[in-house]
Amino acid sequence: MAQEDMDRNVFLFPRRSNDDYVVLKPMVTGQLHNLTVCLRSYTDVGRYALLTVGTLESRIRNMFVILQSISSYSQTSPYHYSNIYINNMASPIPEKADVLGWIHRCVTWDSNTGVLQLWVNGKVSPRAVLQKGFSIDLQDGISLGHMQVRSGNKHYISHYYVSNQYEWDSSSLFQGEITDVHMWNEVLPPETIWQVLLNNRDINGNVISWRSLNYTINGDVTVQPKLQCRYGSESGSSHSHCSME
């Protein structure tokens with residue numbers, strides 16, 4: 001289990017493999033009734049699991065997942081979906097596919113109302129409602145690059161779908177780069193999310209902080225230098241210059 005400031009680094013997933021993933025240890029555990037999760041990814045327009053609350057050993061399937069999907073992508077309509085799962089129920093949210101560009105996503109969710117929002121490169125989606133009254137348990141940690149699929153019998157206990165056996169979903173294995181992962185136990189206001197997009201070093205997650213990260217690498221994932229991009233001041237993700245720093 002390593003702990004370090006990852007501000008100048010990325011996790012590089014070199015291939016789509018069941019063996020390649022990263023487990024993050026949160027700084028706080030227990031039940032979350034509100035959250036904000038932000039991360040940056042660099043990949044193609046494939047179907048990829050970016051972040052999952054839980055591990056392969058977790059009894060609760062897909063308690064919280066950020067999944068990039070490609071259900072509507074074409075050359076004439078360059079859009080795909082982010083599927084946000086809570087307790088194995090998904091809310092598909094369309095977003096423009098930016099091939100060969102970093103995508104910064106933030107997801108906010110309030111259990112009291114069920115209100116869910118996705119921010120993509122500073123642009124916010126219409127509100128959705130998902131799993132009002134649910135709580136998200138962090139005790140098993142957080143996985144990058146995978147999501148679960150059931151391989152055994154499932155049953156329903158205390159508002160959770162549970163199974164006696166899971167495996168990683170081979171159709172959503174991640175290949176590419178992930179960086180700037182932060183999680184909070186609150187819903188961040190829009191002005192703070194914008195500062196997270198700009199990589200403001202004074203704003204760090206209190207559940208997961210990329211600048212003080214506890215993690216375990218599995219398989220052939222490696223830590224590589226980050227390709228730094230400077231963002232413009234307009235809405236959206238206009239980065240005019242990228243360099244290794």
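Taken to the nearest 0.5 Å, the OG atom of S209 stands 5.0 Å off from the NE2 atom of H182. Within the model, atoms CD1 of I93 and CD1 of I66 stand 10.0 Å from one another, a figure rounded to the nearest 0.5 Å. To the nearest 0.5 angstrom, I103 atom CD1 is 8.5 Å from T43 atom OG1. Here the CG atom belonging to L118 is positioned 16.0 Å from the CH2 atom belonging to W109, to the nearest 0.5 angstrom. From Q68, atom CD reaches atom CG of N83 across 10.5 Å, with rounding to the nearest 0.5 Å.
With 3.5 Å as the limit, one finds a donor-acceptor pair spanning the side chains of E95 and S82. At a cut-off of 3.5 Å, with distance as the only test, a side-chain donor of E4 or Y215 sits close to an acceptor on the other residue. Side-chain N/O atoms of N185 and N206 include a donor and acceptor closer than 3.5 Å. A donor and an acceptor atom, one from each side chain of D137 and Q31, are located under 3.5 Å apart.
Remark: R15 CZ is packed, more than 12 non-hydrogen atoms of other residues, nucleotides or ligands lying under 6.0 Å away.
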Evaluate ring pair (Phe, Tyr, Trp, His ring centres under 6.0 Å) for W210 paired with F11, printing each intermediate quantity in order.
CA-CA 11 Å; W210 192 248; F11 287 129; 5.4 Å; yes
Criterion salt bridge (Lys or Arg N to Asp or Glu O under 4.0 Å) on D180 and R105, from CA distance to verdict
CA-CA 10 Å; D180 297 340; R105 294 178 175 90; over 6 Å; no
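In terms of heavy-atom proximity, L188 sits nearest to T36 at N-OG1, 3.0 Å.
Using a 4.0 Å cut-off between a side-chain N of Lys or Arg and a carboxylate O of Asp or Glu, D110 and K132 do not qualify as a salt bridge. A salt bridge links R211 with D7: at least one charged nitrogen is closer than 4.0 Å to a carboxylate oxygen.
Looking at D140, its side chain never comes within 3.5 Å of a backbone N or O of T55 through a donor-acceptor pair. A donor-acceptor pair under 3.5 Å is absent between the side-chain atoms of Q175 and the main chain of F13, judged by distance alone. Judged purely by atom type and a 3.5 angstrom limit, W184 uses its side chain to pair as donor or acceptor with the backbone of N204.
Looking at L39 and L50, their side chains come closer than 4.5 Å, going by heavy atoms from C-beta outward.
Taking the six-membered ring where tryptophan is involved, the planes of Y42 and W102 are essentially parallel, since the angle between them stays under 30° and well short of 60°.
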